**Q** 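Here it is, the structure in full.
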Amino acid sequence: MRALLALSLFAAAPIGAPHPVPSTAKLNVVATTPDLAALAKEIGGDAVDVVSLAKPTEDPHFVDAKPSHIVTLNRADVLIDGGAELEQGWLPALLESARNSKLAPGAPGRISASVGITMIEVPRAFDRSRGDVHSMGNPHFLVDPLNVKRVVARIAEQFSQVAPASAPLFAANLAAFNSKLDAKYAQWQQALAPYKGATIVTYHKDFGYLAERFHLVVVETLEPKPGIAPSPAHLAQVITTMRAQNTGVIVVQPFQNRRTAETVARQTNAVVLDISQQPGAIKGTDGYFQLMDYMVTTLADALHVRR
Amino acid sequence: MSGGITAVSLRAHAFYLPRASLGSVASLALGHWSQVACTGVVMKTLLTLLVLTGVGSLSAQTPVDSIVRRQQRTLDSLTRALDAMGARLDSLSSAAPTPPAPSRPATGAYMNASFVGLTDFAWSTERDLSGLFLGDHDPRVRGFSIPNGELVLDGAVDPYFKGVANIVYKLDQNGETGVELEEMYFLTSSLPHNLQLKGGQFFMEFGRQNAQHPHSWGFGDQTLVNARMFGGEGLRSQGARLSWLAPTRWYTEAMVTVANSAGGTTASFRSDESADIHGGEALARDVARPKDLLIVPRLATSFELTNTQTVVLGASGAFGPNNSGSEARTSIAGGDVYWKWKSARAHQGFPFVSVQAEAMTRRYGADTRTSAENLALTLPKETLHDRGIYVQALYGIRPMLVLGLRGEAVHGDDGTIVTPLRGDRSRWSTNLTLYPTEFSKLRVQYNHDRRPGIGNDHSVLLQFEFLLGAHAAHKF
């Protein structure tokens, strides 16, 4: 009985009230994926410790809800997730067990990166006969640098709410990041400008935002529908389209089936490009700018050869 | 078909919408440019609109070459407009900070609703499948069964609680529908001190398999040891569970459930079917004192062995009264281990290898009781010992294809009488599961049963399962 009383008292205690983190302690930041982690590092600098739940090389749709992640989330001050259902197969189970009210939706410690992003491929109807379509739209939005700009602004704002003492640092880091991004963005646009309208093929529908921003056209994906394994009939159609459109580039991420891409590439005289959207998956791409430099350069080089 | 309709409606549009207004649409789009980041869609729509407008005018009796010329002019001007827009966009985009995108309406609902439907087809050398397959969601007859249609509702109740309900529909051998409230519980979201409280009716956290729903099992049927200790429906009851996540660097969680000890879902305790265990008349026994409730403690811990290997270890107990007598008690102890390797470059979670094993032992304190078969016979007070184990390995060969192998055995020590339920048994099973997507499952399974004194049996089970609705988040 006494135990029950104690419990009811716990339940009545104020819940979810933000406790600003003391200025001496580093913010414990958990990102669901390494791309978000890289941005958190850029803005948080020395004031934060950042870990990513997903490994750079693994499929972010299918991360195991390992007990160690429960501990990581239990101790987090801030969680950055995509918020567009990319992590819906594993994050809800982890959060349920992590029992950390700082990370509740709407709390300053919960940064949902997709808030404020204009999503592409938002389905008109929720219909899984079209494959594993996310109801909020395509969740692979961080390959567009302008979306990154929105995300880092949100990160800086919410970091400052959680750790007000470090707010000036976050503001300075944000400004530095943005000016570097502006310069880099101009370079990237310039690097890809000669290939305006060039066609590429990707494995999954994961480079749509990049293509739109840099005026490339994704003519086909090797998957017939998102999340559905390539079928011979569909690949035959991809090959026909690639020949008709003179497409010479197939982009695959490290966890995707490269062999399928190679088979198609052999028949279309195309090249297979290994491009990860996650920093650290490919050597020398540990930070956001290195990753984007790699992505743009690799694409530009391949499109140049193709010309 | 829908394309045709679009073209027709656009054509009609072209009649009513003068060219000038198309221009104003374009300038309107340009005016909003700074607010609209997703420009490609607008461009494509404009392009389609303009081209189709040209096509639409085709019906307006003009010579073909002038149409072509006009279309060419349209395309040229459009290309210029696109280039201008692109240039403008590029210059705008490097201006900081970017304006916020227009807010979009929230998606989703206040709760997730999903439905899992399971259809089995089974055949066995044994005609009576109910002696071979013991689980409540296992096939019960030669031929088709629908042992599980599960409606799952869940969501946040408010900032403090989450609510879950599982309502199960199933068809019995005669095609009659049965309904049960399998689970219904709340879960706290934000108790202090790393505590979490669950209350209602729920599968108790004893070992691994008991707390999982059949659709997340690696095999199509319930394990022998779980059936022996907890009955076909698993160990679940009305109660409350308190859990504490230890503040250690590695995962350690301590849980204790206090629950009612009566009913068909607490087979080793105050169950009406307890005669199947002790062979005597079941005593109608109510709750006289707190220790007549069921207590189920569990301790679980987990380590990352390497970057790609995880192990979870658990120890569980279940203690409570049974109704072989007014003071009779049962205690069950179990240990479980789960190890998984998943490739660092896993695609859709594959390839992986996992091994899961559980061992349990039960001391069933049977009181002096009247034999259920022969009322003149009194069975002595005795302790009935049972134990069992299963080990299962799953190999995720390539995306959406899993091969499984399972070995299991159960044993009951001789008491005054050994009921059929307590006889020795062992079983080998192998299966192949194909997941066309995460939302459907096709499984073929072979079981080789050995029941000393009864015989050996071969069984084949085909399963098809679908999931409608919310994406299930999988626990590890």
Side-chain angles (χ1 to χ4, degrees), chain A residues 7 10-11 13 15-16 55 57-59 61-62 64-68 70-71 74 85 88-94 96-101 104 116-120 122 128 131-132 135-136 144-147 149-150 153 178-179 181-182 185-186 189 196 212 215 227-229 254-257, chain B residues 36-41 86 90 93-98 100-104 107-108 159-160 162 187-197 242 245 248-251 253 300-304 307 310 312 340 342-349 399-400 437-439 471-476:
Chain A
L7 272 177
F10 279 144
I15 288 161
K55 285 191 258 292
T57 48
E58 89 182 313
D59 188 341
H61 300 81
F62 294 85
D64 278 339
K66 293 191 284 193
S68 57
I70 294 172
V71 176
N74 177 255
E85 300 179 358
Q88 68 181 342
W90 49 280
L91 188 62
L94 287 172
E96 183 181 303
S97 299
R99 56 197 84 175
N100 185 345
S101 55
I117 301 291
T118 305
M119 308 289 279
I120 62 171
V122 180
R128 288 207 181 115
D132 190 7
S135 67
M136 297 176 73
D144 177 351
L146 300 197
N147 286 343
K149 225 170 191 186
R150 291 208 167 90
N178 275 336
S179 62
L181 182 58
D182 288 342
Y185 181 68
Q189 279 290 1
K196 205 172 210 172
E212 241 179 52
H215 316 294
I228 306 294
F255 54 82
Q256 292 163 347
N257 191 338
Chain B
V36 182
C38 184
T39 56
V41 176
D90 290 350
S93 56
S94 37
T98 47
S103 65
R104 61 170 184 265
T107 55
Y160 313 116
K162 185 188 169 185
L187 193 65
T188 60
S189 346
S190 44
L191 283 189
H193 308 295
N194 274 350
L195 293 170
Q196 188 184 59
L197 186 67
L242 185 66
L245 187 65
T248 43
R249 281 175 59 87
W250 63 92
Y251 165 85
E253 188 176 355
T301 186
S302 171
F303 306 92
E304 300 291 320
N307 199 24
T310 306
V312 186
K340 182 172 180 183
K342 191 174 102 171
S343 162
R345 292 178 170 238
H347 181 37
Q348 299 185 321
M400 305 315 194
T437 66
E438 304 154 74
F439 307 102
H471 215 289
H474 306 286
K475 299 209 168 202
F476 190 67

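Just so you know, these numbers come straight off a predicted model, no measurement behind them. In what follows, chains are A, B, ... by sequence order, proteins preceding strands, each numbered from 1.
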**Q** Over all heavy atoms of both residues, which pair between B:Phe476 and A:Ala65 is shortest? Give the atoms and the distance, please.
**A**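 In this case the closest contact between B:Phe476 and A:Ala65 is CB-O, 3.0 Å.
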
**Q** Is B:Trp250 close to A:Ser68 at the side-chain level, that is, under 4.5 Å between some pair of heavy atoms?
**A**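 Contact flag for A:Ser68/B:Trp250 side chains = no.
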
**Q** Do B:Tyr251 and A:Lys66 come close enough that some side-chain heavy atom pair is under 4.5 Å?
**A**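 They are not in side-chain contact.
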
**Q** Which residue out of B:Ser343, B:Ala346, B:Gly349 racks up the most heavy-atom pairs below 4.5 Å with chain A?
**A**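 That would be B:Ala346.
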
**Q** First locate atom CZ of B:Arg345, then atom CG of A:Asn257, and finally report the distance between them rounded to the nearest 0.5 Å.
**A**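 Reported to 0.5 Å precision, the distance equals 12.5 Å.
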
**Q** When only pairs under 4.5 Å are counted, which of A:Gly131, A:Ala104, A:Pro254 shares the most heavy-atom pairs with chain B?
**A**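 Result: the option with the highest number of such pairs is A:Pro254.
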
**Q** Just verifying a value: how many Å separate B:Glu438 CD and A:Phe62 CZ, rounded to the nearest 0.5 Å?
**A**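 Rounded to the nearest 0.5 Å, the CD-CZ separation comes out at 3.5 Å.
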
**Q** At a 4.5 Å cut-off on heavy atoms, which part of B:Thr437 comes close to chain A: side chain, backbone, both, or neither?
**A**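 Only the side chain of B:Thr437 comes within 4.5 Å of chain A.
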
**Q** Shorter than 4.5 Å, heavy atoms on both sides: which option in B:Lys475, B:Arg249, B:Glu304, B:Lys340 has the most such pairs with chain A?
**A**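 Ranked by contacts with chain A, first place is B:Glu304.
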
**Q** Show, in sequence, the C-alpha distance, side-chain angles and deciding distance for B:Glu253 and A:Arg99, and conclude whether the salt bridge (Lys or Arg N to Asp or Glu O under 4.0 Å) test is met.
**A** CA-CA 12 Å; B:Glu253 188 176 355; A:Arg99 56 197 84 175; 2.9 Å; yes

**Q** Is there a side-chain contact between B:His474 and A:Trp90, using heavy atoms and a 4.5 Å cut-off?
**A**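 No, too far: nothing below the 4.5 Å cut-off.
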
**Q** What is the minimum heavy-atom distance between B:Thr248 and A:Val71, and which atoms define it?
**A**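 The answer is O-CG1, 3.7 Å.
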
**Q** I'd like to check B:Lys162 versus A:Glu96 (side-chain heavy atoms, cut-off strictly below 4.5 Å). Are they in contact?
**A**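 Heavy-atom side-chain distance check passes, below 4.5 Å.
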
**Q** Check whether A:Asp64 gets within reach of chain B through its side chain, its backbone, both or neither, counting any heavy atom under 4.5 Å.
**A**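 Both backbone and side chain.
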
**Q** Given heavy-atom pairs under 4.5 angstrom as the criterion, report whether the side chain, backbone, both or neither of A:Lys55 touches chain B.
**A**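 Side chain only.
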
**Q** Ignoring hydrogens and angles, tell me if any N or O in the side chain of B:Ser190 forms a donor-acceptor pair with the backbone of A:Ser101 under 3.5 Å.
**A**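 Flag not set: sc B:Ser190 to bb A:Ser101 has no pair under 3.5 Å.
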
**Q** Of the backbone (N, CA, C, O) and the side chain (C-beta and beyond), which part of A:Ser97 lies under 4.5 Å from a heavy atom of chain B, both, or neither?
**A**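 Looking at A:Ser97, backbone and side chain both touch chain B.
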
**Q** Let me confirm one number: the CD1-CG distance from A:Ile70 to B:Leu245, rounded to the nearest 0.5 Å.
**A**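 One finds 7.0 Å between CD1 of A:Ile70 and CG of B:Leu245.
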
**Q** Counting heavy-atom pairs closer than 4.5 Å to chain B, which one of A:Ala93, A:Ala229, A:Ser179, A:Pro145 comes out on top?
**A**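 Top option by heavy-atom pairs under 4.5 Å: A:Ala93.
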
